[in-house]
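Heads up, the thing below is written out as structure tokens.
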Protein chains: 2
Amino acid sequence: MAGKTAKLRKRPLTLRDVSEASGVSEMTVSRVLRNRGDVSEATRSKVLKAAKALGYVPNKIAGALASQRVNLVAVIIPSLSNMVFPEVLSGISEVLDETPLQPVVGVTNYSPEREEKVLYEMLSWRPSGVIIAGLEHSDPSRAMLRAAGIPVVEIMDVDGEPIDAVVGISHRAAGYEMATEIVQQGYRRIGFLGTKMPLDHRARKRFEGFTEALAKAGLEVVDQEFYSGGSALLKGREMTEAILKRHPDLDFLYYSNDMIGAGGLLFLLEQGVDIPGRIGLAGFNGVELLEGLPRQLATMDACRAEIGRAAAEIIARRIADETAEPGEKIVFKSRMSPGDTLLRSDSSS
Amino acid sequence: MAGKTAKLRKRPLTLRDVSEASGVSEMTVSRVLRNRGDVSEATRSKVLKAAKALGYVPNKIAGALASQRVNLVAVIIPSLSNMVFPEVLSGISEVLDETPLQPVVGVTNYSPEREEKVLYEMLSWRPSGVIIAGLEHSDPSRAMLRAAGIPVVEIMDVDGEPIDAVVGISHRAAGYEMATEIVQQGYRRIGFLGTKMPLDHRARKRFEGFTEALAKAGLEVVDQEFYSGGSALLKGREMTEAILKRHPDLDFLYYSNDMIGAGGLLFLLEQGVDIPGRIGLAGFNGVELLEGLPRQLATMDACRAEIGRAAAEIIARRIADETAEPGEKIVFKSRMSPGDTLLRSDSSS
DNA sequence: AGGGCGTGCGTTACCGCTAACATCACTGGT
DNA sequence: ACCAGTGATGTTAGCGGTAACGCACGCCCT
């Protein structure tokens with residue numbers, strides 16, 4: 001190669017550089033690089049060679065502006081440290097990888113103000129679609145989403161009024177179902193342990209469904225315990241100890257997530273407590289971690305990957321086909337997995 | 001408000017719409033929206049009102065193209081499911097939140113090909129800087145990074161030749177140090193359990209440092225066990241059982257990450273094995289989860305958040321000040337935390 | 001020979017915004 | 001009264017691509 005690659009170039013490479021290097025017009029280079037339109041095999045390879053030699057990387061900013069197309073999908077989630085969301089993300093990526101679309105992630109830390117800001121930032125890049133966790137958004141956020149004129153899929157939760165499409169499970173139903181099973185197994189003195197996050201609407205809805213089912217059986221939650229921050233596993237231990245100290249007669253503990261449930265389980269096993277004979281346990285989420293525990297915690301699957309995949313499919317379809325119907329709604333069924341901490345041998349199932 | 005908001009607008013909003021709605025030039029609107037240049041308080045509020053009424057969201061694509069400035073920092077990591085990376089990310093966000101910069105995450109799944117593709121995609125958005133995990137990249141990737149003419153910070157690992165700046169710990173040293181301590185505690189028949197990932201260079205380097213220190217003491221790893229996929233906690237159990245079945249006389253197990261270490265720990269505790277009397281254990285990473293275990297697993301902290309913060313600071317500094325020196329190198333010291341599974345009471349410390 | 005058509009490439013006019021400079025009305029000093 | 005200085009706004013010319021159309025040229029058919 002004629003050493004044309006001046007190491008200390010000041011001006012960044014553009015199509016023009018490639019076009020000059022290969023002796024064709026910018027338009028032709030553009031066509032080659034995008035595999036669009038007819039270009040003869042001869043010019044095609046000539047251009048590709050030049051582009052590679054220069055180390056040219058197309059400028060999507062200019063491309064997007066000119067073509068009015070941006071192959072980005074904004075994905076807005078509350079957190080990355082709760083493993084639920086990375087799992088949803090991988091479901092999304094899995095589907096989008098088959099398309100020209102690309103996910104871009106924004107994290108809100110469960111804060112509506114931050115959600116609004118993140119959303120504004122993302123929309124200012126004019127993505128082709130939005131996937132956003134939850135149905136609860138500030139009014140400006142909802143307005144932005146509506147005004148954006150792009151497909152919006154709200155995920156994780158279906159208990160509420162969607163803006164456009166929605167994919168998720170009913171957390172209310174999940175809580176209800178779990179409570180029903182708990183009652184049926186004969187538990188009567190039930191404690192709840194959860195996170196001190198008024199903005200985790202899904203946890204709240206599970207709790208609401210839970211208490212509703214209890215109420216139907218004439219029961220209510222005997223005591224509650226909340227935490228925030230720190231190692232969930234450790235908090236699960238501590239809260240379990242605390243709640244049982246206050247109410248040693250509790251016969252069931254419902255945890256708002258598997259991590260604290262696992263902490264409670266480990267704690268009780270160490271204490272030599274008979275599970276589920278003396279006390280039953282259940283969590284929520286179906287995290288992979290549970291498989292490695294000494295005892296399988298009862299839980300309900302949140303259908304994370306499925307939700308991600310379905311949401312991405314809706315987005316992909318809507319973008320590929322402008323005429324596709326908006327407002328689709330997909331409800332997954334949260335599967336109960338009773339594990340070893342819920343079913344009492346003598347009970348019917 | 002005079003109902004000017006036509007719900008079914010086809011053409012998306014632009015500066016021009018705002019400028020017409022507020023009776024000033026586009027330039028003035030632009031100035032207001034960016035808080036730049038002198039604008040009288042009167043026009044400022046007039047413009048802001050119009051923008052809000054219309055629900056205008058600036059188009060960063062056009063803005064970036066015109067100003068030749070993109071306030072994005074590409075962050076390229078192997079995975080989101082290994083909690084290490086979300087923690088690094090939050091360190092990065094923490095720092096970038098104080099600046100106009102914004103992180104954009106790309107995930108490679110430990111695949112060099114995918115890394116190359118992700119990098120190409122990200123660079124085509126012309127980010128202002130790149131933070132990328134690891135020092136091992138394909139030649140084209142390295143070339144792209146060099147040619148991009150932007151600050152690059154390689155993170156997590158410092159054992160190798162950086163492209164530009166680097167922030168991390170020495171995994172080789174971490175492995176070495178752990179082995180040294182193990183030997184000093186009198187363990188002699190040592191097994192290694194890790195992940196079957198030839199492309200996890202950091203795990204490899206820890207292992208190399210580990211065996212090197214053992215060799216210096218005239219020892220070598222007695223047996224090894226590898227896994228891939230699945231629940232790490234469960235795999236830790238299974239591998240521990242398997243390796244001990246083959247070599248019941250092992251007196252120490254070194255796990256390449258805390259998750260499988262925790263699985264092993266739980267397994268051995270269930271078996272009633274005396275830890276660390278009969279057998280010692282150690283992992284790597286200092287994950288928060290460990291705090292909730294019945295026994296504290298010996299581990300070494302990978303300084304995740306610190307690395308994220310330091311990398312972001314370098315990027316921010318380099319972008320703010322063009323003249324800042326490239327090639328900075330920050331080495332954190334991986335702290336050993338012996339927990340309850342390494343130190344034998346009768347040993348010196 | 002002329003018309004119709006497909007192929008391969010170039011030209012032109014933007015996309016929506018901003019840098020840089022131009023303009024214009026004041027203000028104040030002398 | 002004149003000019004420089006300043007503050008508030010407008011004008012022009014791109015940024016680096018792409019859509020849409022234009023235009024040779026060769027080919028086939030009649």
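Reminder, nothing fancy here: chain letters follow the sequence lines and each chain counts from 1.
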Could you tell me from which nucleotide to which nucleotide of DNA chain C, 5' to 3', there is an atom under 4.0 Å from chain A heavy atoms?
->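 Reading along DNA chain C, I get C/dG8 to C/dG16.
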
Along nucleotides 7-14 of chain D, 5' to 3', which nucleotides get a B, which get an S, and which get a -, given that the test is a protein heavy-atom distance under 4.0 Å?
-> -SBBB--B

Less than 4.0 Å between a side-chain N and a carboxylate O, is that true for B/Arg16 and B/Glu20?
->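 Judged by the 4.0 Å cut-off on N to carboxylate O distance, B/Glu20 and B/Arg16 do form a salt bridge.
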
Charged N to carboxylate O below 4.0 Å: is that the case for B/Arg318 and B/Asp164?
-> yes

Distance-only donor-acceptor check, side chains [X] and [Y], under 3.5 Å:
X	Y	value
A/Arg44	A/Ser40	no
A/Arg142	A/Ser138	no
A/Thr323	A/Asp321	yes
A/Glu154	A/His137	yes

When rounded to the nearest 0.5 angstrom, what distance separates CE in A/Met197 from OH in A/Tyr110?
->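 Here the interatomic distance stands at 4.5 Å.
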
Does B/Gln68 place a side-chain N or O at less than 4.0 Å from the phosphate oxygens OP1/OP2 of D/dG16?
->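 Looking at the OP1 and OP2 atoms of D/dG16, one of them is under 4.0 Å from a side-chain N or O of B/Gln68.
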
Does anything in residues 55-73 of chain A pair up under salt bridge (charged side-chain N to carboxylate O under 4.0 Å, His left out), and if so which pairs, sequence neighbours excluded?
-> A/Lys60-B/Glu121

Mind checking B/Arg69 for me? I need base, sugar-phosphate or nothing, with any heavy atom below 4.0 Å counting as a touch.
-> sugar-phosphate

In whole angstrom, what separates A/Asn71's CG from D/dT18's C1'?
-> 14 Å

